[in-house]
Amino acid sequence: MDTLSENRCFGGTQGVYRHAAKATNCDMTFGLFLPHEAADGPVPVLWYLSGLTCTHENAMIKAGAQGWAADQGIAVVFPDTSPRGAGVADDDAYDLGQGAGFYVNATEAPWAPHYRMWDYIADDLPALLAAQFPLDMDRQAITGHSMGGHGALTLAMGLPGRFRSVSAFAPICHPTASNWGRKQLTAYLGPNEAQWLRHDATLMMRAEGLSVPLLVDQGTRDPYLADLMPESLALAALERRAAATFRMQDSYDHSYYFVASFMQDHVDFHAEALWA
């Protein structure tokens with residue numbers, strides 16, 4: 001693991017690191033904020049998964065999570081959204097290829113050799129974090145924005161017992177029925193839609209429910225609202241009687257201004273679960 005930068009931040013440290021990832025078969029870069037409490041021992045972890053076109057850096061700089069996390073004494077990890085590099089398959093479209101990994105393990109050419117973001121987030125990066133940093137991996141929570149919200153929801157439901165809470169900002173809630181989903185799932189996983197089911201939060205909620213608290217914020221002026229389909233997930237959560245809170249935020253859009261406006265709520269929500 002290489003240290004690319006470390007900066008003092010809200011009494012703690014905001015670091016950026018690079019490592020050779022087995023899952024993606026390439027070098028991956030991630031950010032990690034450690035609060036000052038980490039100097040005395042392991043601290044809980046909040047994962048933040050970013051959306052389309054983002055790197056580890058977008059949320060690290062724009063979301064405003066570090067100050068609120070410092071107040072709560074929790075770490076925040078900011079992974080990249082896809083494998084990258086000259087030898088990694090890409091596409092001219094913004095919503096496929098590098099920057100658009102969709103948190104799945106690709107099975108189709110040309111994506112399969114590198115696009116294994118599920119394994120990277122579920123196994124590869126957690127193992128590195130546990131080995132290299134003072135983190136309490138028994139206390140994890142997860143959140144994300146847009147495509148990252150999709151990833152947070154599906155990972156929380158697909159890895160029961162891993163996370164103590166899950167939240168999302170404007171998540172892609174029903175990708176098997178959405179313009180933001182069918183294209184990517186077909187490309188990465190092939191045309192057999194049975195292979196898509198474990199990557200659709202609405203279908204997973206209908207089938208299995210959710211055993212940890214959920215918070216979702218969605219802006220009413222989000223230009224992508226028709227593709228995000230939050231009503232599908234909300235109805236599925238109601239049917240399963242999940243401990244879920246869905247909030248429609250008047251006049252907010254899809255930007256990081258929206259994310260930053262409600263980041264404190266989300267960090268406090270996760271801190272309550274992490275310190276319980």
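The residues of the chain are indexed from 1 along the displayed sequence.
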Q: Given 3.5 Å as the limit, does a donor-acceptor pair link the side chain of Ser178 with the main chain of Asp227, or not?
A: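 Yes.
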Q: Let me see the working for Phe102 and Leu52 under side-chain contact (heavy atoms from CB on, under 4.5 Å), right down to the final yes or no.
A: CA-CA 8 Å; Phe102 264 77; Leu52 288 167; 3.7 Å; yes
Q: So, taking the atom named CE in Met204 and the one named CZ in Arg240, what distance separates them when rounded to the nearest 0.5 Å?
A: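 With rounding to 0.5 Å, CE (Met204) is 12.0 Å from CZ (Arg240).
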Q: Going from OG1 on Thr13 to CD on Gln66, what distance comes out if it is rounded to the nearest 0.5 angstrom?
A: 11.5 Å
Q: Check whether any side-chain N or O of Thr81 sits under 3.5 Å from a backbone N or O of Ser50 as a donor-acceptor pair, and report yes or no.
A: no
Q: Using modelled atom types only, decide if a donor and an acceptor are shared between the side chain of Tyr188 and the backbone of Gly97 within a distance under 3.5 Å.
A: yes
Q: If you draw a 6.0 Å radius around CZ in Phe246, do more than 12 non-hydrogen atoms from other residues or ligands fall strictly inside?
A: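 Count over threshold, so yes.
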Q: So does Trp68 have more than 12 non-hydrogen atoms from other groups sitting under 6.0 Å from CH2?
A: no
Q: Can you tell me if Glu208 has over 12 outside heavy atoms packed within less than 6.0 Å of its CD?
A: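 Check fails, neighbour count at 12 or below.
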Q: If you look only at pairs with a residue in residues 183-203, which of them pass as a salt bridge (charged side-chain N to carboxylate O under 4.0 Å, His left out), with sequence neighbours excluded?
A: Asp95-Lys183, Arg182-Glu193
Q: Quick check: does any side chain N or O of Tyr115 sit under 3.5 Å from a backbone N or O of Ala89, one acting as donor and the other as acceptor?
A: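 Looks like yes, one N/O pair under 3.5 Å.
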Q: Do Thr107 and Gln195 touch side chain to side chain, with heavy atoms closer than 4.5 Å?
A: no
Q: Can you find a heavy atom in the side chain of Leu46 that is under 4.5 Å from one in the side chain of Val267?
A: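 Yes - at least one pair of side-chain heavy atoms lies under 4.5 Å apart.
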Q: Quick check: are there more than 12 heavy atoms from other residues, nucleotides or ligands sitting under 6.0 Å from OH of Tyr94?
A: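 For Tyr94, atom OH is crowded (more than 12 foreign heavy atoms under 6.0 Å).
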Q: Does Asn105 offer a backbone N or O that forms a donor-acceptor pair with the side chain of Asp119 under 3.5 Å?
A: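 Not at all, since once roles are kept as given, no pair shorter than 3.5 Å links the two residues.
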Q: Would you find a donor on one side and an acceptor on the other, under 3.5 Å apart, between the side chain of Thr53 and the backbone of Gly99?
A: no
Q: If you take the centroid of each ring, where Trp contributes its six-membered ring, are Phe133 and Tyr17 closer together than 6.0 Å?
A: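 When the ring centroids of Tyr17 and Phe133 are compared, they turn out to be within the sub-6.0 Å range.
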Q: Determine whether the side chains of His145 and Asn58 contain a donor N or O and an acceptor N or O closer than 3.5 Å.
A: no
Q: Enumerate the residue pairs fulfilling salt bridge (charged side-chain N to carboxylate O under 4.0 Å, His left out) with a member in residues 252-276, sequence neighbours excluded, ordered by first and then second residue.
A: Arg247-Asp265
Q: Side-chain contact, heavy-atom cut-off 4.5 Å: Trp47 with Leu125?
A: yes
Q: Counting only N and O atoms by type, is there a donor-acceptor contact under 3.5 Å from the side chain of Gln184 to the main-chain atoms of Gly181?
A: yes
Q: Report yes if the distance between the aromatic ring centroids of Phe33 and Phe10 is under 6.0 Å, otherwise no.
A: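 Centroid distance Phe33-Phe10: not below 6.0 Å, so no.
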Q: Does the side chain of Thr154 come under 3.5 Å of the side chain of His199 through a donor N or O and an acceptor N or O?
A: no
Q: Could you tell me which residues satisfy salt bridge (charged side-chain N to carboxylate O under 4.0 Å, His left out) with Arg139, sequence neighbours excluded, listed by chain and number?
A: Asp136
Q: With a 4.5 Å limit on heavy-atom distance, are the side chains of Tyr48 and His266 in contact?
A: no
